[in-house]
Asks: 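There's a structure below that I have some questions on.
Labels below follow one simple rule: chain letters A, B, ... track the order of the sequence lines, proteins then strands, and each chain is numbered from 1. All values derive from a computational prediction rather than experimental measurement.
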Amino acid sequence: MCSRFALTTPPELIASAFRLSDPPVVRPRYNIAPTQDALVVRVMDGDREGELMHWGLIPFWSRDTSINARLVNARAETASGRTAFRNAFRKRRCLIPASGFFEWRREDRHKRAFFIRPISRQPMAIAGLYEEWRDPDRPGAPLVESFTILTTEPNVLMRDIHHRMPVLIDPVEQDLWLDPDVTEPEMVHHLLRPTPSDWLEAYCVSSYVDNPAHEGPECVHPMGPSCIEERRAAEGSQIPDSLWG
DNA sequence: CCAGACGTTGTT
DNA sequence: GTCTGG
DNA sequence: CCAGACGTTGTT
DNA sequence: GTCTGG
């Protein structure tokens, strides 16, 4: 799954990595949690743009926003067939820029937080879906845009930590994923595979990050003896040329 | 037909 | 809005 | 994901 | 224990 992530990349670098015409107006965030706003990249009128949206998808037919806290993830294996995600899967696919994401590993009675990031240090592109919603009880209510993160099986690196992980989209495949004119799920399903393990590394962080109200660099500082066990699936392996430009 | 769900995660 | 279950 | 609440009444 | 909110 993916229920917490960071985006600390400078706006200018986000813009170049995602080919946005303007740097997004964002501050560094070390602990982005569900129901909060996060930067989303989508294609609108043929151009990529970065927008802030609520994390937690609100289907357009919802009576209220109470479902928001629950639809923070969508299973990549089934999302295109789910009522809540079907329309978005066809027409409103998006990317969520992230410097890395957090996962908690269960260890007996304890849990330990890990930060997972690209070895390349370029921002990753998490696959997402977004939706548009207006309060049906209030005519003229403002448009609420919200998103969910697609999850899939873990790769070798992640398998040791958790049994789900977010879907990441390779830069060479991003135009296809974002194209709103590609409305057949079959055309994009093959993009929703686990990221190769040698794209990523993982290390332990302190429990400071556990509290969603906490913010700041301490969330991603290596912590404890097992920061030594910083993991790489393939030591010394080359990062594929197709990655991150 | 109407009523009620519509989702994922983790845990037992 | 649309699908499933009763 | 984790943290924190977990409730009703009447009144504004 | 389970639900809601961030």
Side-chain angles (χ1 to χ4, degrees), chain A residues 1-7 27 29-40 52-92 96 98-117 124 126-137 141 143-144 146-154 158-167 183 185 192 194 202-216 218-220 223:
Chain A
M1 118 249 67
C2 179
S3 305
R4 215 73 78 75
F5 66 95
L7 179 61
R27 296 166 170 275
R29 286 295 312 279
Y30 290 87
N31 197 4
I32 302 171
T35 72
Q36 297 179 349
D37 286 351
L39 182 67
V40 169
L52 289 178
M53 298 189 189
H54 293 303
W55 186 6
L57 187 142
I58 306 165
F60 75 101
W61 39 259
S62 296
R63 291 196 201 148
D64 54 48
T65 61
S66 60
I67 198 171
N68 169 272
R70 296 192 281 282
L71 303 187
V72 302
N73 290 146
R75 294 176 64 86
E77 300 92 329
T78 55
S80 64
R82 292 279 185 259
T83 316
F85 302 131
R86 198 185 123 163
N87 292 340
F89 196 98
R90 286 178 162 272
K91 300 174 189 170
R92 286 178 295 280
I96 297 94
S99 309
F101 60 92
F102 299 95
E103 296 284 6
W104 281 260
R105 183 169 71 184
R106 299 266 163 191
E107 300 174 352
D108 297 326
R109 294 198 187 119
H110 299 286
K111 58 182 186 287
R112 185 190 294 271
F114 284 79
F115 187 59
I116 300 96
R117 66 183 175 186
M124 54 172 71
I126 302 175
L129 309 172
Y130 72 94
E131 192 53 271
E132 301 180 332
W133 179 87
R134 279 181 210 277
D135 188 340
D137 297 330
L143 190 68
V144 176
S146 59
F147 71 94
T148 191
I149 283 177
L150 290 164
T151 64
T152 188
E153 297 179 336
M158 292 302 303
R159 189 182 190 82
D160 184 46
I161 301 172
H162 206 69
H163 65 96
R164 301 292 290 173
M165 68 178 289
V167 175
T183 58
L192 305 180
Y203 62 87
C204 302
V205 295
S206 82
S207 59
Y208 182 78
V209 72
D210 291 5
N211 191 329
H214 288 172
E215 179 59 52
E218 188 173 351
C219 293
V220 298
M223 177 74 187

Asks: From A/Ser99 OG over to A/Phe115 CZ, what is the distance, rounded to the nearest 0.5 angstrom?
Replies: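 One gets 6.0 Å once the value is rounded to the nearest 0.5 Å.
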Asks: Which stems does DNA chain B form, counting runs of 3 or more consecutive Watson-Crick or G-U wobble pairs with both distances under 3.5 Å?
Replies: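 Output for stems: B:1-6 with C:1-6.
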Asks: Rounding to a whole Å, what distance do you find between A/Trp55:CH2 and E/dG6:C1'?
Replies: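 About 11 Å, once rounded to whole Å.
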Asks: Would you indicate whether the side-chain heavy atoms of A/Arg82 and A/Arg75 approach each other to under 4.5 Å?
Replies: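 When only atoms from C-beta onward are counted, A/Arg82 and A/Arg75 do not touch, as no gap falls below 4.5 Å.
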Asks: Calculate the interatomic distance between A/Arg82 atom CZ and C/dT4 atom C1'; express it in whole Å.
Replies: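 That distance rounds to 13 Å.
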Asks: Please give the distance between the P atoms of E/dG6 and B/dA3 as a whole number of Å.
Replies: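 Result for the P pair: 33 Å, nearest Å.
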Asks: Strictly below 4.0 Å: does A/Arg164 bring a side-chain N or O up to OP1 or OP2 of B/dT8?
Replies: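 It does not, given that no N or O in the side chain of A/Arg164 lies less than 4.0 Å from OP1 or OP2 of B/dT8.
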Asks: OP1, OP2 of C/dG1 versus side-chain N and O of A/Arg86: anything below 4.0 Å?
Replies: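 Checking C/dG1 against A/Arg86, no side-chain N or O comes under 4.0 Å of OP1 or OP2.
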Asks: At under 4.0 Å between heavy atoms, what does A/Ala74 touch on the DNA or RNA strands: base, sugar-phosphate, or nothing?
Replies: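 The answer is sugar-phosphate, as A/Ala74 gets under 4.0 Å only of primed atoms, P, OP1 or OP2.
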Asks: Less than 4.5 Å apart, side chain to side chain, heavy atoms only: is that true for A/Val209 and A/Phe102?
Replies: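 Yes, their side chains come closer than 4.5 Å.
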Asks: Would a distance-only check, ignoring hydrogens and angles, find a side-chain to backbone donor-acceptor pair under 3.5 Å from A/Asn73 to A/Leu150?
Replies: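 Not a single qualifying donor-acceptor pair exists.
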Asks: Contact class for A/Ser207 vs. all strands (heavy atom < 4.0 Å): base, sugar-phosphate, or nothing?
Replies: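 Contact class for A/Ser207: none.
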Asks: Roughly how many Å is it from CG in A/Leu57 to P in C/dG1, rounded to a whole number?
Replies: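 Nearest whole value for this atom pair: 17 Å.
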Asks: Round to the nearest Å and state the distance from A/Ile161 atom CD1 to B/dT9 atom C1'.
Replies: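 Computing the A/Ile161:CD1 to B/dT9:C1' distance gives 17 Å.
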Asks: May I ask you to say what A/Thr151 touches in the nucleic acid, namely base, sugar-phosphate or nothing, with a heavy-atom cut-off under 4.0 Å?
Replies: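 If one applies the 4.0 Å heavy-atom cut-off, A/Thr151 turns out to touch the sugar-phosphate alone, with no base involved.
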Asks: Could you check how far NE2 of A/His110 sits from P of B/dT11, rounded to whole Å?
Replies: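 Answer to the nearest Å: 14 Å.
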Asks: Between C/dT2 and A/Trp61, is there a base-stacking contact, meaning the centre of the base's six-membered ring lies under 5.5 Å from the residue's ring centre while the planes stay under 30° apart?
Replies: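 Check failed, A/Trp61 does not stack on base of C/dT2.
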Asks: In whole angstrom, give me the gap between the P atoms of D/dT11 and B/dC2.
Replies: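 The same atom, P, in both gives a distance of 41 Å.
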Asks: Nearest whole angstrom, please: distance from the P of C/dT2 to the CZ of A/Phe60.
Replies: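 So the two atoms are 7 Å apart, to the nearest Å.
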Asks: Tell me, with the steps shown, if A/Asp210 and A/Lys111 meet side-chain contact (heavy atoms from CB on, under 4.5 Å).
Replies: CA-CA 10 Å; A/Asp210 291 5; A/Lys111 58 182 186 287; 3.7 Å; yes
Asks: Would you mind classifying the nucleic acid contact of A/Pro34 as base, sugar-phosphate or nothing, using non-hydrogen atoms under 4.0 angstrom?
Replies: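 Here A/Pro34 touches the bases of the nucleic acid.
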Asks: Determine, stepwise, if the pair A/Asn87 / A/Arg92 fulfils side-chain hydrogen bond (donor to acceptor under 3.5 Å, both in side chains).
Replies: CA-CA 7 Å; A/Asn87 292 340; A/Arg92 286 178 295 280; 5.7 Å; no
Asks: Within the structure shown, what part of the strands sits under 4.0 Å from A/Phe85 by heavy-atom distance: base, sugar-phosphate, or nothing?
Replies: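 Touches sugar-phosphate only.
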Asks: When the distance from CZ of A/Arg70 to P of E/dG6 is rounded to whole Å, what number comes out?
Replies: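 Going from A/Arg70 (CZ) to E/dG6 (P), I get 14 Å.
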Asks: If only side-chain N and O atoms of A/Arg106 are considered, is one of them under 4.0 Å from the OP1 or OP2 phosphate oxygen of D/dC2?
Replies: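 Yes, within the criterion.
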Asks: Tell me: CE of A/Met53 to C1' of E/dG6, nearest whole Å?
Replies: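 Roughly 19 Å, once rounded to whole Å.
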Asks: Below the 4.0 Å mark, does C/dG1 have OP1 or OP2 next to a side-chain nitrogen or oxygen of A/Ser62?
Replies: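 Answer no for this pair, as no side-chain N or O of A/Ser62 is under 4.0 Å from OP1 or OP2.
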Asks: Roughly how far, to the nearest 0.5 Å, is CE of A/Met158 from CZ of A/Arg164?
Replies: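 With rounding to 0.5 Å, CZ (A/Arg164) is 11.5 Å from CE (A/Met158).
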Asks: Between D/dT8 and E/dG5, how far is it from one P atom to the other, in whole Å?
Replies: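 The same atom, P, in both gives a distance of 15 Å.
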Asks: Between A/Arg75 and B/dT9, is there a contact of a side-chain N or O with OP1 or OP2 at under 4.0 Å?
Replies: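 So the side-chain polar atoms of A/Arg75 do come within 4.0 Å of the phosphate oxygens OP1 or OP2 of B/dT9, strictly under.
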Asks: Taking atom P in both C/dT2 and B/dT9, what distance in whole Å separates the two?
Replies: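 To the nearest whole Å, 26 Å.
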Asks: Which value, rounded to the nearest 0.5 Å, describes the distance between A/Asp64 atom CG and A/Asp135 atom CG?
Replies: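 Going from the CG atom of A/Asp64 to the CG atom of A/Asp135 covers 8.0 Å.
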